[in-house]
2 protein chains.
Amino acid sequence: MSFSQAVFANNRLLAALPHKDREQLLTHCEAVKLDSAQMLYRSGELIRHVYFPTGCLISLMRPVNDSAGLEVKLIGNEGVLGFTLMLGVDVTPFHALVHGSGPALRMTAPAFLDELEHSPALQQELKRYLYVTMTQLAQNAACTRYHVVEARLARWLLMTQDRAHSDHFHVTHELMAHMLGVRRVGITKAANSLLKQKFISYRRGDITILDRAGLETAACECYRADKDIYERILGEEHTFLPHYRDEPIAPHSYSSGMDGV
Amino acid sequence: MSFSQAVFANNRLLAALPHKDREQLLTHCEAVKLDSAQMLYRSGELIRHVYFPTGCLISLMRPVNDSAGLEVKLIGNEGVLGFTLMLGVDVTPFHALVHGSGPALRMTAPAFLDELEHSPALQQELKRYLYVTMTQLAQNAACTRYHVVEARLARWLLMTQDRAHSDHFHVTHELMAHMLGVRRVGITKAANSLLKQKFISYRRGDITILDRAGLETAACECYRADKDIYERILGEEHTFLPHYRDEPIAPHSYSSGMDGV
DNA sequence: TATCGTCTGTGCGTTAGAGCACGTACCGGC
DNA sequence: GCCGGTACGTGCTCTAACGCACAGACGATA
């Protein structure tokens, strides 16, 4: 199987891998198209496939009791679905809901684990992705606690746009309410406010971002916090090493003398 | 350096390690006493030490802007502080605040990383701990969103009691408000309700749990969810393997035929 | 015994959001 | 061109929690 540059380049995690590791990984991948409202994972179930989104959007939801639950992480072409596999647990604690149809690369869980074992670069990349994810989960908890719906909505729209790579996408108030864990009318009210400020426009589920800068002022600081942590840990400038200890990515790092190995 | 059974047995993560790995790890540990209100980590700073609590309580807080922030994880003798090191990032995204003075075992970050590299059992254990932590972070976000203060307080008291291993501990309304991200009077009101139901009693910061079962009915289901995920992934019955793939811990797992390696 | 700091309780008005219900506007299909 | 489903808007009441302020209650120390 062979994939064009365009295909893997659309997933930043894959694009960041060394050529050889990536090629090896891609031999196990198949291109699939994911459709909106598809439920890829259900909390508590076995992970059968790992997905590298290239042009779709996936929400991780943590269910509360039997109810709707709350979106805890948004995955686009900057990430991967199924990362908990690398922690040695093949059961997912989250629902994974597609809401932005598009292509993804998919591989079976066993193939993924096998590749992971043989690719230190992939391990490295995914460990950092895990770190970013943990931080974002915590950030999200705090955001959910402190910030009003309008700010959270603005943040969500920005995050979605970043991953959709387009200023136009399809999503209803109903769905956004589901994600943010609020009533539909709560979204309607907040969206209307953003509309009046001419930051966005929408019509029956078709949302257009008109003014990104405006949206950023309307959003809580969590948007920047999330983005900063991603850039710092997984941004363009970082390098790939077989062992993280060889090059700490901290602003300051241990002197080699302290390392003692 | 040599530690008695009593010392390491007080940390469940250490106690779960094979004898040899544990002994090796302990040679690098020093026993320290942590005091209430001590700030072990500050978000964004370098991790210098890893702590295995044996008789103290540590809260991980995610700061929002410059403000107080929100508690995102409670660490007692079932866990470890500094786990993000194993993800190859030596900067912590959380504040770590002691609020329950007591002993802990401490080792330097480089020593920890060195031991980690040479102990598959420790890797295994920490990966599972990470999985549990991620799930709890997500659960916490949902809880914070949906549940009322009284239920969240009951949950927090139960979690604290589990880690304090005593039905009596010291913590003021002010501090609990800080943890849950609510006003002090919010805690006063909720605590008063629990008091009237005779689930707890308190006097100037000295809290006593009178009726655990009662508290559990007052708490949201998140308490059980957290506990369940911990037991399932890190509970007594689980085994230690150099590679997770050798024995999936899922309720169902891949047939060896699927594994293909 | 008096005093001061810490901890807890109460009493306002205010507000974001919940829950429920209904009205309207658009679109596609028969 | 009617009709039914989907999506959005509005209008109410209700409540948990906020912000602020102050009052009481205990405990250590002078």
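Reminder, nothing fancy here: chain letters follow the sequence lines and each chain counts from 1.
Comparing C/dG17, D/dC18, D/dA7 by their nearest atom to the side chain of A/R204 picks out D/dA7. The B/V185 side chain lies nearest to C/dT10 when the options are C/dC7, C/dT10, C/dG9.
We find that NE2 of B/H147 is positioned 15 Å from C1' of C/dA18, with the value rounded to whole Å. Across the protein-nucleic acid pair, A/D206 atom CG and C/dC26 atom C1' stand 12 Å apart, rounded to whole Å. Atoms OH (A/Y146) and P (D/dA17) sit 14 Å apart, rounded to a whole Å. Taking atom CG of residue B/L175 and atom C1' of nucleotide C/dT6, one finds them 14 Å apart after rounding to whole Å. Spacing between atom CD of A/E174 and atom C1' of D/dG5 amounts to 14 Å, rounded to whole angstrom units. What separates CG of A/L195 from C1' of D/dT10 is a distance of 15 Å, to the nearest Å. Taking atom CG of residue A/L153 and atom P of nucleotide C/dA16, one finds them 16 Å apart after rounding to whole Å. As rounded to whole Å, 17 Å separates atom P of C/dA16 from atom CG of A/L180.
A/G205 comes within contact range of the sugar-phosphate backbone alone, with a heavy-atom separation under 4.0 Å but no base atom that close.
For the pair A/Y202 and D/dG9, the criterion of a side-chain N or O lying under 4.0 Å from OP1 or OP2 is met. Distances shown here put every side-chain N or O of A/N192 at or beyond 4.0 Å from the OP1 or OP2 atom of D/dC8.
Donor-acceptor pairing under 3.5 Å, judged by distance alone, is absent between the side chain of B/R184 and the base of D/dG19. With hydrogens and angles ignored, no donor-acceptor pair closer than 3.5 Å exists between the side chain of B/R183 and the base of D/dA17.
Residue B/K189 places its NZ atom among 12 or fewer non-hydrogen atoms of other residues, nucleotides or ligands, all under 6.0 Å distant. Around the CZ atom of A/R42, the shell of radius 6.0 Å holds no more than 12 heavy atoms that belong to other residues, nucleotides or ligands.
For the pair A/D206 and A/R204, the salt-bridge criterion is not met [side-chain N within less than 4.0 Å of a carboxylate O]. Between B/D226 and B/K73 there is no salt bridge, since no side-chain nitrogen of the basic residue lies less than 4.0 Å from a carboxylate oxygen of the acidic one.
Projected onto DNA chain C by closest heavy-atom contact, B/T188 and A/E150 fall at different nucleotides, the more 5' of which corresponds to B/T188. A residue-by-residue look at B/V148 and A/A191 shows that A/A191 has its nearest nucleotide of DNA chain D further toward the 5' end. Taking the nucleotide of DNA chain C with the nearest heavy atom to each of A/R203 and A/G181, the more 5' of the two is matched to A/G181.
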Compile the donor-acceptor pairs under 3.5 Å between side chains in residues 142-151 of chain B and protein atoms, sequence neighbours left out, one pair per line.
{"from": "B/T144", "atom 1": "OG1", "to": "B/N140", "atom 2": "O", "distance (Å)": "2.9"}
{"from": "B/R145", "atom 1": "NE", "to": "A/G181", "atom 2": "O", "distance (Å)": "3.1"}
{"from": "B/R145", "atom 1": "NH2", "to": "A/G181", "atom 2": "O", "distance (Å)": "3.0"}
{"from": "B/Y146", "atom 1": "OH", "to": "A/G69", "atom 2": "O", "distance (Å)": "2.7"}
{"from": "B/E150", "atom 1": "OE1", "to": "B/S193", "atom 2": "OG", "distance (Å)": "3.0"}
{"from": "B/E150", "atom 1": "OE2", "to": "B/S193", "atom 2": "OG", "distance (Å)": "2.8"}
{"from": "B/E150", "atom 1": "OE2", "to": "B/Q197", "atom 2": "NE2", "distance (Å)": "3.2"}

